[in-house]
There are 2 protein chains.
Amino acid sequence: MKKKEILKKSLLFNGLTNEQLNALCSISISKKYQRGQTIFHDGEPGNGFYMVASGKVKIFKLSIDGKEQILHIFGVGEPFGEVPVFHGTPFPASASTLAASELFFFPRLEFVDLLTANPSLALSMLAVLSMRLRRFTTQVENLTLKEVPGRLASYLLYLIEEQSREDVVVLDVPKGQLASLLGTTPETLSRIFAKMTDEGLIKVAGKTIHLLDLVGLRER
Amino acid sequence: MKKKEILKKSLLFNGLTNEQLNALCSISISKKYQRGQTIFHDGEPGNGFYMVASGKVKIFKLSIDGKEQILHIFGVGEPFGEVPVFHGTPFPASASTLAASELFFFPRLEFVDLLTANPSLALSMLAVLSMRLRRFTTQVENLTLKEVPGRLASYLLYLIEEQSREDVVVLDVPKGQLASLLGTTPETLSRIFAKMTDEGLIKVAGKTIHLLDLVGLRER
DNA sequence: ATTGTTTTTTGACCTAGATCAAAGAAAGAA
DNA sequence: TTCTTTCTTTGATCTAGGTCAAAAAACAAT
């Protein structure tokens with residue numbers, strides 16, 4: 001697909017005029033990554049942000065002893081790594097690809113110029129960051145106020161929305177990565193899948209999960 | 001202090017011209033709150049955002065069974081409640097005062113008009129939201145990758161920065177609220193204060209805490 | 001001061017979930 | 001297909017920290 005098409009479809013850029021899109025196309029640089037490659041490290045200075053053109057990217061933090069907490073998983077059309085662009089500080093977390101991916105890179109200075117000239121672009125960007133804040137809010141809520149089965153239930157119900165399915169969802173990440181996103185370990189996650197299956201809430205077949213009792217899940 | 005003075009001193013509005021400040025003054029509305037009053041509830045629609053003119057405000061989430069997780073504590077000059085302004089969705093959390101406070105309220109439509117006319121204001125706003133995201137990132141990191149003593153150590157070291165003190169910090173919130181901010185209970189927090197005192201890391205006298213071993217604290 | 005109220009501390013106990021170890025299953029690669 | 005490597009599950013054990021209950025301390029208000 002053409003670069004312009006992808007940009008146009010993204011939430012961030014969808015209200016822009018043809019010219020504005022052309023400008024964005026001309027300042028952005030396409031980069032290709034293999035699965036598992038690092039895009040940037042926590043603490044590095046950032047001189048621009050990225051958007052996923054194809055593939056999938058995870059944003060994560062590592063503890064001293066190597067434990068990983070995934071903060072976000074971004075798919076096609078989603079921008080990431082914007083914090084240093086607007087705040088001037090280093091990346092607050094690391095990013096790497098979960099699959100072979102193509103990314104568009106938007107250099108800071110050029111993008112800020114565009115923003116200054118296009119208030120509507122600035123408003124879209126504010127909307128994107130606001131949504132990001134909202135998601136973090138629920139993530140903190142989940143991590144501290146719910147226990148793991150509750151977090152899993154939330155995530156499954158969220159996937160149902162995302163995939164606009166009735167009662168079946170397909171995990172788009174390995175279960176180990178899902179564990180990290182939910183702030184737990186693969187072992188615990190596996191046990192909770194088993195328990196929920198026992199309780200008749202779900203039925204697991206590899207990455208495909210049948211939600212048998214939506215009401216029961218919502219109660220978590 | 002005059003409204004304009006307070007706005008001018010805030011990080012969000014500090015680069016603005018006199019006229020822009022006047023415009024902000026004229027669209028904003030001052031509201032007074034007593035200690036412990038609710039400003040808005042999680043899930044309510046928001047048609048504007050706030051800035052603390054005096055006092056202190058907490059942003060928090062409640063679980064079904066009444067447990068509270070504090071997400072932020074904001075002091076003078078800090079804006080809050082911006083998410084609905086830019087994303088159009090309800091407030092993702094609740095807000096209430098920790099002390100008698102005066103707040104400035106900026107109505108959505110008027111503020112967005114100002115933003116559209118002033119790209120530099122939009123950039124400041126982007127910077128504020130970016131910093132907020134950065135803080136959330138470290139909050140999630142702390143909550144999931146560190147245990148409670150580590151979180152407390154981080155917070156104490158952060159306070160040292162904030163208050164630009166050498167080795168003494170004064171808690172600006174009751175210990176119970178601090179526990180909620182750190183994602184734990186008052187009992188546990190109290191025990192950790194006791195343990196750190198035993199280990200010679202700190203000395204606690206009411207709300208005043210002497211940090212006796214900065215290096216030891218950093219190791220957490 | 002004195003009483004009522006809120007905050008903080010201490011003690012005893014208990015559970016969610018982490019860790020360690022190892023077996024099974026899937027998924028790519030040759 | 002067969003071999004490797006990466007995921008996932010299961011079992012056994014351990015512990016940080018939550019919960020409940022109650023005492024002690026700090027604060028406020030009369």
Side-chain angles (χ1 to χ4, degrees), chain A residues 34-37 56 58 62-70 96-100 142-153 170-199 202-209 220, chain B residues 34-36 58 62-70 96-100 142-153 170-199 202-209 220:
Chain A
Q34 298 177 313
R35 175 192 147 91
Q37 256 191 293
K56 205 181 298 291
K58 72 172 171 188
L62 290 180
S63 70
I64 318 105
D65 49 313
K67 248 188 308 176
E68 165 188 287
Q69 168 68 45
I70 296 181
S96 75
T97 51
L98 284 173
N142 282 335
L143 289 171
T144 59
L145 299 179
K146 294 181 189 166
E147 25 206 55
V148 186
R151 294 179 220 159
L152 176 57
V170 179
L171 299 180
D172 53 349
V173 289
K175 287 182 183 152
Q177 298 289 300
L178 176 57
S180 165
L181 185 64
L182 298 179
T184 184
T185 59
E187 295 95 318
T188 298
L189 181 61
S190 173
R191 286 182 178 112
I192 287 165
F193 269 126
K195 200 175 68 185
M196 284 186 161
T197 303
D198 277 0
E199 294 170 357
I202 59 175
K203 190 150 141 327
V204 183
K207 291 201 174 314
T208 305
I209 305 193
R220 294 313 186 92
Chain B
Q34 297 177 315
R35 175 194 147 92
K58 72 173 171 187
L62 290 179
S63 71
I64 318 105
D65 48 313
K67 247 188 309 176
E68 165 189 286
Q69 169 69 45
I70 296 182
S96 75
T97 51
L98 283 174
N142 282 335
L143 289 172
T144 59
L145 299 180
K146 294 181 189 167
E147 27 206 51
V148 185
R151 293 179 222 160
L152 176 56
V170 179
L171 299 181
D172 53 350
V173 289
K175 287 181 182 151
Q177 298 290 300
L178 176 56
S180 165
L181 183 64
L182 298 178
T184 184
T185 59
E187 295 95 320
T188 298
L189 181 62
S190 172
R191 285 180 178 115
I192 287 166
F193 268 127
K195 202 175 65 183
M196 284 185 162
T197 303
D198 277 359
E199 294 170 356
I202 59 174
K203 189 150 144 327
V204 184
K207 290 202 174 315
T208 305
I209 303 191
R220 293 314 185 91

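Every chain is numbered from 1, with letters handed out A, B, ... down the list of sequences.
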Check your understanding: With a cut-off of 6.0 Å (strictly less than), are more than 12 heavy atoms of other residues, nucleotides or ligands near NZ of A:Lys203?
Key -> no

Review point. With sequence neighbours excluded, what pairs up with A:Thr184 under the side chain to side chain donor-acceptor pair (under 3.5 Å) test?
Key: none

Review point. For DNA chain C, which residues in residues 180-194 of chain B have a heavy atom at a distance below 4.0 Å?
Key: B:Glu187, B:Ser190, B:Arg191

Check your understanding: Can you list every pair that meets salt bridge (charged side-chain N to carboxylate O under 4.0 Å, His left out) and has a residue in residues 171-189 of chain B, with sequence neighbours left out?
Key -> B:Lys56-B:Asp172

Practice item. May I ask you to say what B:Arg35 touches in the nucleic acid, namely base, sugar-phosphate or nothing, with a heavy-atom cut-off under 4.0 Å? Key: sugar-phosphate

Check your understanding: Listed by chain and number, what are the side-chain contact (heavy atoms from CB on, under 4.5 Å) partners of B:Asp65, not counting sequence neighbours?
Key -> B:Ser63, B:Lys67

Exercise for review: Please list, chain by chain and in numerical order, all residues satisfying side-chain contact (heavy atoms from CB on, under 4.5 Å) with B:Arg151, sequence neighbours excluded.
Suggested key: B:Asn142, B:Leu143, B:Lys146, B:Val148, B:Leu182

Exercise for review: Using whole Å, report how far CG of B:Leu145 lies from P of C:dA18.
Suggested key: 12 Å

Check your understanding: What is the distance, rounded to the nearest whole Å, between atom CZ of A:Arg220 and atom P of C:dA16?
Key -> 11 Å

Point to revise | A:Lys67 side-chain N/O to C:dT19 phosphate OP1/OP2 under 4.0 Å | key: yes

Review point. Any side-chain heavy-atom pair from B:Val173 and B:Leu181 closer than 4.5 angstrom?
Key: no

**Study point:** Angle by which the axis turns from one end of the helix from C:dA1-D:dT30 to C:dA30-D:dT1 to the other, five pairs per end, to 10 degrees
**Key:** 50°

Point to revise | B:Leu98 CG - C:dT6 C1' separation (whole Å) | key: 15 Å

Check your understanding: Can you list the residues that meet the side chain to side chain donor-acceptor pair (under 3.5 Å) rule with B:Thr188, with sequence neighbours excluded?
Key -> B:Thr185

Review point. Atom CD of B:Gln177 to atom P of C:dT7: distance rounded to whole Å?
Key: 8 Å

Review point. Who are the side-chain contact (heavy atoms from CB on, under 4.5 Å) partners of B:Pro149, not counting sequence neighbours?
Key: B:Glu147, B:Ile192, B:Lys195, B:Met196, B:Arg220

Exercise for review: Over all heavy atoms of both residues, which pair between A:Pro186 and A:Gly176 is shortest? Give the atoms and the distance, please.
Suggested key: CG-CA, 4.2 Å

Review point. How long is the gap from CG on B:Leu178 to NZ on B:Lys207, to the nearest 0.5 Å?
Key: 9.0 Å

Exercise for review: Describe the nucleic acid contact of B:Lys195 in one word from base, sugar-phosphate, nothing, applying a heavy-atom distance below 4.0 Å.
Suggested key: nothing

**Study point:** Separation between CG of A:Leu98 and NZ of A:Lys58, rounded to the nearest 0.5 Å
**Key:** 5.5 Å

**Study point:** Segment of DNA chain D, first to last nucleotide, that comes within the 4.0 Å heavy-atom reach of chain B
**Key:** D:dG17 to D:dC20

